[in-house]
2 protein chains.
Amino acid sequence: MAQSDTVVRILDTAEALFAEKGFAETSLRTITGKAKVNLAAVNYHFGSKKALIQAVFARYLDPFCEQFNRELDRLEKQPGLTLEELLTVLATTTVSVPASKGSLSVFMRLLGLAYTQAQGHMRRYLQEHYGKTFFRFTNLLKQCTSELPDAERFWRIHFMLGAVVFTMSSLDALRDIAASDYDEKTRIRDLVARLLPVVTAAMNAPVPEQPPRLSEQVA
Amino acid sequence: MAQSDTVVRILDTAEALFAEKGFAETSLRTITGKAKVNLAAVNYHFGSKKALIQAVFARYLDPFCEQFNRELDRLEKQPGLTLEELLTVLATTTVSVPASKGSLSVFMRLLGLAYTQAQGHMRRYLQEHYGKTFFRFTNLLKQCTSELPDAERFWRIHFMLGAVVFTMSSLDALRDIAASDYDEKTRIRDLVARLLPVVTAAMNAPVPEQPPRLSEQVA
DNA sequence: TAATGTTTGAAACAGGCGTTTTATATGGAG
DNA sequence: CTCCATATAAAACGCCTGTTTCAAACATTA
C-alpha cells in the first residue's frame, strides 16, 4: 500500500491535540510521538506545521461546504424562505456532516481557536477557501431578515457566530458544570437545538431607532 | 522613587502584545524589548510569564469587580429588578470602568483569548478570583428570568457570553469590514448598545417544550 | 558617609522548537 | 532481478524560549 495510514494518523492525533491545547502549544514532537510516526513525517507529507493545521481544517470543512452548497442551491430557488428554515438547514447540515469522522465538538473548538488565535494565516485561509459559501449564506439571511438594516444584521451575524463557536469550543468544560449542576448529559445535538430559538429571537430583536449610543440610554 | 515605572511599562506592553498576538506567541524578549526594560525584569517583578499574564488581567478585573460589586449591592436590594435593568448596569459598568486605562477592546480580546486558549491556569485563576462576583450576577439574572428552566438559562448565559466576548475579541478585524461595507465607525460603546436588545431578546426566547432534540424537529 | 536592601544589566543556561539532511528500507514497474 | 520513486528513520541544524546567575548601579536609612 502506497501512502500508508501515516497521514491519517497524523491528522487524527493533531486534531485532538490542537483542540485540547491550541496550535502554538502543541509541538510536532508531541503529535508525532503520540501518533507513533517519525518526526519528519509531518514536514514530508504536509510541508510545514501551518499546512498541517490547514489540512486538519480542510478535512472537516471540505465535506461540510460541499453538502451545504447543495442545500444552498435548493434554498436559493425557494421563494418564501423563512429565517427558521434557513437556520435549521444550517444546523442540520452542521450536525449531520462530520458524524463519520471525529466528533463535532472537536471541530467547533478548533474553529474557536482559529478565530481568536493565529489571526494571520488561518483567517486568510478560511476566507479564501470558504468565503464564497459564507457569502451565499449571508445573502439568503439578508433575504430572510429584510427589515434589518445592513449594519445591524452584520453585527448580529457575528454576535450569533460568537454564541455558537464560543459555546461549542468550550463545550467540554461547560458540559461538566451543567452535568453536575443539572445532572444533564448534554450532547452537541441538544445544544444545537437549544441554540435555534435563541438565535432566531436574537436576529429578530427590535432595532434601536437610531445609531445607538449607550450613554444616552442611561441618561 | 522605589518601584519605578518598569512594572507599568511591562504591563502596558505585555497587554498590547498579548491582545495582538496571543500569549504563547508573545515572548518575554519581545515584551521587554519593546518596553525598553531588561529581560530579567519580568521574572524579577512578576516571578514568571504566567504570573505576568495574570497580572495583566488583574489590572483590568480588580477595578471592574470592585465597581460591579457595588452595583450588585444596590440591585440585590431592589425588589422589581428587570432583565433590561440588570443588563444595562452590567453594560455601563463594563464600558465606564476601564476608561482610565487602555481601551476596553483590548481587554475584551484578552478575555476571549483566555477563554479559548490556555484553558489551564488562566481559567482557574479567573474562577478563583472573580467567581464569586459572577455568582452574584447569575443569581440576580435567575431572579429576572424566573420562568426559565435552570439548565436553559445556564446555556443561554454562555451563548450570550460567547456573543459578547467573541465579537469584542475580534473587533478590530470586524470593524474594518463594517467600516468599508457600511462606512460606519463603530466604537465599542455603540457595539455594547447594539448588544443590549439582542441579548435581552435571546434570553427571553421561547423555551422548547421538552429536552430538545434536533432530529425530531426535522422529521 | 557608610551600610543596606532593592532594582537593573549583560550574559549564560538548559531545553524545546520547526525544519533539513542523510541514509535506509519498502514496494511496484519494466 | 533490477530499477526507481516513495516512504520511514535517526540525527543534526540553527534558532528561540523562559529562567537563572552574578555583578554593577541605585536609592534609602542609620
Side-chain angles (χ1 to χ4, degrees), chain A residues 1-59 110 113-114 117-122 124-125, chain B residues 1-59 110 113-114 117-122 124-125:
Chain A
M1 89 187 90
Q3 182 94 347
S4 80
D5 60 347
T6 302
V7 170
V8 177
R9 293 245 297 285
I10 291 176
L11 282 173
D12 288 341
T13 313
E15 174 185 295
L17 288 173
F18 285 154
E20 188 183 329
K21 319 205 290 179
F23 303 120
E25 293 84 354
T26 305
S27 72
L28 293 185
R29 282 171 174 80
T30 309
I31 295 172
T32 53
K34 202 157 210 165
K36 296 197 175 98
V37 302
N38 191 269
L39 168 61
V42 169
N43 285 278
Y44 176 76
H45 286 287
F46 297 93
S48 69
K49 188 182 180 180
K50 280 186 183 181
L52 169 62
I53 296 175
Q54 294 174 357
V56 168
F57 274 86
R59 195 166 60 143
L110 291 178
L113 286 175
Q117 101 187 67
Q119 66 276 41
H121 75 104
M122 211 46 225
R124 230 175 300 122
Y125 176 83
Chain B
M1 86 188 90
Q3 182 95 342
S4 80
D5 60 346
T6 303
V7 170
V8 177
R9 292 246 299 285
I10 292 176
L11 282 174
D12 288 342
T13 315
E15 173 185 298
L17 288 173
F18 284 155
E20 189 183 329
K21 318 203 291 177
F23 303 120
E25 294 84 354
T26 305
S27 72
L28 294 184
R29 281 171 175 81
T30 310
I31 296 172
T32 54
K34 203 159 210 166
K36 293 197 176 102
V37 302
N38 190 269
L39 168 60
V42 169
N43 284 278
Y44 177 77
H45 285 287
F46 296 93
S48 69
K49 187 182 180 182
K50 280 187 183 179
L52 170 63
I53 296 175
Q54 295 175 356
V56 168
F57 274 87
R59 195 166 62 143
L110 290 179
L113 286 175
Q117 102 185 66
Q119 66 276 44
H121 75 105
M122 212 45 225
R124 231 175 299 123
Y125 176 83

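Proteins come first, then strands; the chains are lettered A, B, ... in the order of their sequence lines, and each starts at number 1.
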Round to the nearest Å and state the distance from [X] atom [atom1] to [N] atom [atom2].
{"X": "B:D5", "N": "D:dC26", "atom1": "CG", "atom2": "P", "result": "16 Å"}
{"X": "A:K50", "N": "C:dC17", "atom1": "NZ", "atom2": "P", "result": "18 Å"}
{"X": "B:L17", "N": "D:dG18", "atom1": "CG", "atom2": "P", "result": "12 Å"}
{"X": "A:R9", "N": "D:dA7", "atom1": "CZ", "atom2": "P", "result": "15 Å"}
{"X": "B:N43", "N": "D:dT21", "atom1": "CG", "atom2": "P", "result": "11 Å"}
{"X": "A:K49", "N": "D:dC16", "atom1": "NZ", "atom2": "P", "result": "16 Å"}
{"X": "B:L52", "N": "D:dT17", "atom1": "CG", "atom2": "P", "result": "15 Å"}
{"X": "B:L28", "N": "C:dT8", "atom1": "CG", "atom2": "P", "result": "16 Å"}

B:N43 vs B:L28, test: side chain to side chain contact (heavy atoms under 4.5 Å, CB included). Steps then yes/no. CA-CA 9 Å; B:N43 284 278; B:L28 294 184; 4.0 Å; yes

Could you pull out the closest heavy-atom pair between A:T26 and A:K49, with the gap in Å?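 A:T26 and A:K49 have their closest heavy atoms at O-NZ, 2.7 Å.
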
Side chains of [X] and [Y], heavy atoms from C-beta outward: is any pair under 4.5 Å?
{"X": "A:F46", "Y": "A:L11", "value": "yes"}
{"X": "A:R59", "Y": "A:D12", "value": "yes"}
{"X": "A:M122", "Y": "A:I53", "value": "yes"}
{"X": "A:T32", "Y": "A:N38", "value": "no"}

Is there a side-chain polar atom (N or O) of [X] under 4.0 Å from OP1 or OP2 of [N]?
{"X": "A:T6", "N": "D:dT8", "result": "yes"}
{"X": "B:H45", "N": "C:dT8", "result": "yes"}
{"X": "B:S27", "N": "D:dC16", "result": "no"}

Can you measure from CG (B:L52) to NE2 (B:H45) and round to the nearest 0.5 angstrom?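 Reported to 0.5 Å precision, the distance equals 11.5 Å.
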
Interface with DNA chain D, restricted to residues 34-42 of chain A and to heavy atoms under 4.0 Å: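 Listed by number, they are A:N38, A:A40.
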
Touch class at under 4.0 angstrom, heavy-atom based, for B:T30 against every strand present: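 Answer is nothing: B:T30 stays at 4.0 Å or more from every strand.
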
Between B:R29 and A:R29, name the one whose nearest nucleotide on DNA chain D is closer to the 5' end.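 The residue mapped nearer the 5' terminus is A:R29.
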
